[in-house]
Amino acid sequence: MNKKVILFDINETVLNLGALKPIFKAVFGSEDALSLWFSKLLHLSTVCITTTVKSNFAELARITLDTVAANYKIQLTEGQRTELLGAFSNLSAYSDIKPALSRLRQHGFKVVALSNSSSTLIATQMKYAQLTDYFDDILSVEETGSFKPDPRVYAFAAQKLQQPIDQLCLVATHDWDTHGALSAGLNAAYIDRTGIPYNPLYLKPKMYSNSMMDLIDMIIADKQ
């Protein structure tokens, strides 16, 4: 069967987090603050998945900001927390995203955003990045009470889209998300945006590139 639905991870895959780096550096005084925050956020969300702690992206993001602040031995003000979290609403899309989404739709694919962020945040991000009209649907994991890479999240996406799970394909720049999708029975396409080696312990997708348009060509060819 053809894979007609292509899911896209949002943060870092579709939206460029580069604009956050100077904001995080200004508050925490380090070039590494953003990457530290992201890794600690992933750790926290994974613990919540494993131990069935119910939370949401906004709560985890705030908690992790305070964890990072403690790491740098500073005390965040409420204004700084608001500034840092608010910056996630104003991210630009990578230049290859609109052409990629348009090409997929021209070839008969349905393209869907799938994110750990809340529905409200995703909608705001899509509007700011002028991507609202480029996606056929937008899904947040918030209805599940969990986060990617929980298998239940990918199953939720299949259920919402009324598609067999093996007919979905996730495009992501995170190896843990790619591995999570493959583990749950989806197909996956990995876009290498960082040059960081793909974790050798994870399941590897057959579609893998540092060029988004090349990756899209692979997805289209795989449909044939």
Side-chain angles (χ1 to χ4, degrees), residues 7-45 48 54-69 72 74-102 111-149 153 156-157 160 170-174 176-177 191 193-194 212:
L7 303 171
F8 276 79
D9 169 62
I10 298 304
N11 293 316
E12 283 197 307
T13 302
V14 169
L15 300 179
N16 188 346
L17 301 191
L20 298 176
K21 290 182 180 180
I23 301 173
F24 271 70
K25 182 183 178 182
V27 172
F28 295 107
S30 172
E31 294 277 359
D32 299 324
L34 177 60
S35 60
L36 178 62
W37 174 85
F38 197 87
S39 64
K40 286 186 175 294
L41 176 65
L42 178 60
H43 174 78
L44 178 55
S45 66
C48 288
K54 302 299 182 185
S55 186
N56 57 64
F57 179 85
E59 182 178 28
L60 297 191
R62 288 177 64 87
I63 291 170
T64 307
L65 283 178
D66 288 332
T67 302
V68 172
Y72 291 114
I74 65 174
Q75 181 70 43
L76 292 179
T77 66
E78 192 57 36
Q80 287 173 319
R81 290 190 192 92
T82 299
E83 178 188 17
L84 289 165
L85 294 176
F88 281 86
S89 299
N90 304 319
L91 298 172
S92 298
Y94 282 100
S95 60
D96 55 19
I97 289 299
K98 288 181 179 179
L101 296 174
S102 296
V111 292
V112 178
L114 176 65
S115 177
N116 279 341
S117 301
S118 69
S119 296
T120 300
L121 176 56
I122 303 171
T124 302
Q125 289 178 319
M126 294 297 99
K127 182 177 180 180
Y128 182 86
Q130 299 181 330
L131 290 175
T132 304
D133 294 335
Y134 284 81
F135 282 101
D136 296 298
D137 206 347
I138 296 174
L139 297 180
S140 166
V141 306
E142 63 185 353
E143 287 185 49
T144 69
S146 190
F147 306 94
K148 295 184 291 176
V153 168
F156 158 78
K160 291 288 287 187
L170 175 72
V171 176
T173 192
H174 305 293
W176 54 267
D177 198 3
I191 174 68
R193 292 216 186 271
T194 65
M212 179 61 83

query = Are V111 and F8 close enough that some pair of their side-chain heavy atoms sits under 4.5 Å apart?
reply = yes

inquiry  = Run the side-chain hydrogen bond (donor to acceptor under 3.5 Å, both in side chains) test against S35 and tell me which residues pass, sequence neighbours left out.
reply    = none

message = I'd like to know if the side chain of T13 and the backbone of I10 have a donor-acceptor N/O pair within less than 3.5 Å.
response = no

remark   = side chain to side chain contact (heavy atoms under 4.5 Å, CB included) filter on N16, not counting sequence neighbours, yields Y94

note = What one should report as the nearest heavy-atom pair of I191 and T173 is O-OG1, 2.7 Å

request  = Supply the atom-to-atom distance T194 OG1 to H174 NE2, rounded to the nearest 0.5 angstrom.
outcome  = 9.5 Å

ask   = Any idea which heavy atoms bring A93 and L131 closest together, and the distance?
value = CB-CD1, 3.8 Å

Over all atoms of both residues, closest heavy-atom pair of A87 and L20 = CB-CD2, 3.3 Å

Pairing residues for F88 by the ring pair (Phe, Tyr, Trp, His ring centres under 6.0 Å) criterion, not counting sequence neighbours = W37

query = Would a 4.5 Å heavy-atom cut-off, applied to side chains only, mark L84 and F28 as touching?
reply = yes

ask   = Is the closest side-chain heavy-atom distance between D66 and R81 below 4.5 Å?
value = yes

remark   = Residues passing the salt bridge (Lys or Arg N to Asp or Glu O under 4.0 Å) test with R62, sequence neighbours excluded, are E78

task = With the side chain counted from C-beta on, respond yes when S117 and F57 share a heavy-atom pair under 4.5 Å apart, and no when they do not.
result = yes

message = Please report the interatomic distance OG(S45) to NZ(K40), rounded to the nearest 0.5 Å.
response = 13.0 Å

task = Not counting sequence neighbours, which residues clear salt bridge (Lys or Arg N to Asp or Glu O under 4.0 Å) with E31? List them please.
result = K25

message = Evaluate M212 against V171 for side-chain contact (heavy atoms from CB on, under 4.5 Å), listing each step before the verdict.
response = CA-CA 10 Å; M212 179 61 83; V171 176; 4.2 Å; yes

key: Shortest non-hydrogen separation from L91 to A129 and the atoms involved   = O-CB, 3.6 Å

query = Of the non-hydrogen atoms in S30 and Y72, which two are nearest, and what is the gap between them?
reply = OG-OH, 3.2 Å

request  = Go through the steps for Y128 and S92 under the test side-chain contact (heavy atoms from CB on, under 4.5 Å), then give the verdict.
outcome  = CA-CA 7 Å; Y128 182 86; S92 298; 4.3 Å; yes

key: Side chains of E142 and N56 in contact at under 4.5 Å (non-hydrogen atoms)   = no

Between CZ on residue F24 and CD on residue Q80, distance to nearest 0.5 Å = 11.5 Å

query = Which value, rounded to the nearest 0.5 Å, describes the distance between K127 atom NZ and D133 atom CG?
reply = 12.0 Å

key: Verdict with supporting geometry, N11 and S115, side-chain contact (heavy atoms from CB on, under 4.5 Å)   = CA-CA 8 Å; N11 293 316; S115 177; 4.2 Å; yes

task = Heavy atoms only: give me the nearest L7-A157 pair and the separation to one decimal.
result = CD1-CB, 4.4 Å

message = Just verifying a value: how many Å separate M126 CE and F135 CZ, rounded to the nearest 0.5 Å?
response = 5.5 Å

inquiry  = Taking the side chain as everything from C-beta on, heavy atoms only, tell me whether R193 gets closer than 4.5 Å to D96.
reply    = yes

task = Not counting sequence neighbours, which residues clear salt bridge (Lys or Arg N to Asp or Glu O under 4.0 Å) with D32? List them please.
result = none

key: Any L76 side-chain heavy atom under 4.5 Å of V68 side chain   = no

task = Please confirm whether the backbone N or O of V112 pairs with a side-chain atom of D136, one donor and one acceptor, at under 3.5 Å?
result = no

task = Output, in order, the C-alpha distance, side-chain angles, deciding distance and verdict of salt bridge (charged side-chain N to carboxylate O under 4.0 Å, His left out) for D9 and K148.
result = CA-CA 10 Å; D9 169 62; K148 295 184 291 176; 2.9 Å; yes

query = Can you tell me how far CD1 of I97 sits from OH of Y134, rounded to the nearest 0.5 angstrom?
reply = 11.5 Å

